[in-house]
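Quick caveat: nothing in here was measured; it's all calculated off a predicted structure. Heads up: numbering here begins at 1 and tracks the sequence.
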Amino acid sequence: FEVSRADFHVHDKELEAMAQILERQFQLSADETRELLDLARAESDEMLSLHPFVRLINENFEPDQRARIMEDLWQGAYAKGELDKHQEYTVRKIADLLYVPHPVYIRTKLKIEESARDKMQETRDK
């Protein structure tokens with residue numbers, strides 16, 4: 001939600017991307033996903049800092065798992081088909097807090113950017 005809100009508006013495509021990511025990562029039903037998104041939105045509304053969440057991730061996730069989180073963050077950021085500078089800044093801030101090396105940050109960004117470009121091209125070709 002923090003990445004989606006960075007541009008001051010959570011778009012439907014971003015919510016769809018978040019739902020797909022949650023369903024894929026945690027094998028959730030549509031109802032479970034909706035409930036989790038509602039809880040995440042409420043938590044995000046009240047959140048003062050990313051640090052408590054980041055601390056839990058850093059304590060419990062391996063570097064490859066944190067790199068996977070970066071891919072998910074980029075998917076959310078590119079869900080509308082374009083990258084907002086505020087969203088990019090938020091992803092960068094989270095990458096720094098997660099101690100994700102810069103090459104991993106760039107590699108995951110380029111991977112998702114290429115995928116988003118391919119999807120846009122497929123849409124135009126139809």
Side-chain angles (χ1 to χ4, degrees):
F1 269 100
E2 293 309 303
V3 173
S4 294
R5 287 184 170 177
D7 66 351
F8 309 106
H9 180 71
V10 178
H11 300 270
D12 288 341
K13 288 185 178 188
E14 292 168 331
L15 288 172
E16 290 171 22
M18 282 187 261
Q20 290 172 357
I21 291 165
L22 290 171
E23 288 172 0
R24 181 187 70 241
Q25 293 285 36
F26 302 108
Q27 293 82 43
L28 299 175
S29 69
D31 288 339
E32 291 169 323
T33 301
R34 198 171 16 265
E35 184 178 341
L36 187 55
L37 282 173
D38 289 343
L39 289 169
R41 184 187 298 255
E43 188 74 28
S44 181
D45 288 343
E46 297 177 17
M47 185 172 61
L48 299 175
S49 170
L50 289 171
H51 290 278
F53 298 105
V54 169
R55 183 178 41 80
L56 286 172
I57 293 169
N58 284 333
E59 289 174 357
N60 295 290
F61 283 55
E62 297 296 321
D64 62 319
Q65 293 171 305
R66 293 194 304 268
R68 180 66 194 150
I69 289 172
M70 293 308 305
E71 285 187 26
D72 294 339
L73 292 173
W74 283 121
Q75 282 182 326
Y78 276 102
K80 299 181 314 265
E82 61 186 20
L83 180 62
D84 178 85
K85 66 180 179 180
H86 301 291
Q87 290 176 314
E88 183 173 19
Y89 170 79
T90 301
V91 174
R92 178 72 222 163
K93 181 171 69 171
I94 293 170
D96 288 342
L97 293 171
L98 292 176
Y99 305 112
V100 172
H102 191 68
V104 173
Y105 166 85
I106 295 297
R107 187 170 44 250
T108 57
K109 177 184 179 185
L110 294 175
K111 176 181 177 181
I112 301 305
E113 187 176 71
E114 181 179 342
S115 176
R117 218 177 15 251
D118 291 346
K119 286 179 187 176
M120 292 295 289
Q121 186 62 41
E122 288 174 13
T123 303
R124 283 187 215 129
D125 290 346
K126 288 183 180 180

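Residues Leu73 and Leu83 are members of one and the same hydrophobic cluster, defined by side-chain heavy-atom contacts under 4.5 angstrom among Ile, Leu, Val, Met, Phe, Trp and Tyr. The cluster map of Ile, Leu, Val, Met, Phe, Trp and Tyr, joined by side-chain heavy atoms under 4.5 Å apart, puts Val104 and Val54 in the same cluster. Hydrophobic clustering, with ILVMFWY side chains joined whenever heavy atoms are under 4.5 angstrom apart, keeps Ile112 apart from Tyr89.
Summarising the geometry of Ala77 relative to Val3, their closest heavy-atom pair is CB-CG1, 3.8 Å, with the distance given to 0.1 Å. The two residues Ala67 and Thr108 come nearest to each other via the heavy atoms O-CG2, 3.8 Å. Of all non-hydrogen atoms in Glu113 and Tyr78, the two that sit nearest each other are OE2-OH, 2.7 Å. For the residue pair Glu23 and Ser29, the shortest heavy atom distance occurs at OE2-O, 4.4 Å. In plain terms, the two heavy atoms of Ile57 and Leu98 that are nearest each other are CG2-CD2, 3.5 Å.
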Q.
Before you tell me yes or no, could you show the steps for Asp31 and Arg34 under salt bridge (charged side-chain N to carboxylate O under 4.0 Å, His left out), namely the whole-Å CA-CA distance, both residues' side-chain angles and the distance that decides it to 0.1 Å?
A. CA-CA 5 Å; Asp31 288 339; Arg34 198 171 16 265; 2.4 Å; yes
Q. Going through the distances and angles, do Phe8 and His86 end up as a side chain to side chain contact (heavy atoms under 4.5 Å, CB included)?
A. CA-CA 9 Å; Phe8 309 106; His86 301 291; 4.3 Å; yes
Q. Given the rule in the side chain to side chain contact (heavy atoms under 4.5 Å, CB included) test, do Lys93 and Leu50 qualify, once you have shown the distances and angles that lead to the verdict?
A. CA-CA 10 Å; Lys93 181 171 69 171; Leu50 289 171; 4.1 Å; yes
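The structure places CD of Gln65 at 6.0 Å from CD of Glu62, a figure rounded to the nearest 0.5 Å. Between atom CE of residue Met70 and atom CZ of residue Arg92 there is a gap of 7.5 Å, rounded to the nearest 0.5 Å. For the atom pair CG of Asp84 and NE2 of His11, the computed distance is 7.5 Å after rounding to the nearest 0.5 Å. Once rounded to the nearest 0.5 Å, the distance linking CZ of Phe53 with CD1 of Ile94 reads 11.0 Å. A distance of 8.0 Å separates CG of Leu110 from CZ of Arg117, quoted to the nearest 0.5 Å. Separating the CD atom in Glu16 from the NZ atom in Lys80 is a distance of 13.0 Å, to the nearest 0.5 Å.
Applying the side-chain contact (heavy atoms from CB on, under 4.5 Å) rule to Phe26 yields the partners Leu22, Leu28; only residues at least two apart in sequence or on another chain are considered. In this structure Glu59 satisfies the salt bridge (Lys or Arg N to Asp or Glu O under 4.0 Å) test together with Arg55, sequence neighbours excluded.
In this structure, His102 has its ring center closer than 6.0 angstrom to the ring center of Tyr105.
Residues Lys109 and Val91 have side chains not in contact (no heavy-atom distance under 4.5 Å, counting atoms from C-beta outward). In this structure, the side chains of Glu32 and Gln27 stay at 4.5 Å or more apart for every pair of heavy atoms.
Note on residues 64-73: pairs passing salt bridge (Lys or Arg N to Asp or Glu O under 4.0 Å), not counting sequence neighbours, are Arg24-Asp72, Arg68-Glu71, Arg68-Asp72, Glu71-Lys111.
When the shell of 6.0 Å around CG of Asp12 is examined, it contains 12 or fewer heavy atoms from other residues, nucleotides or ligands.
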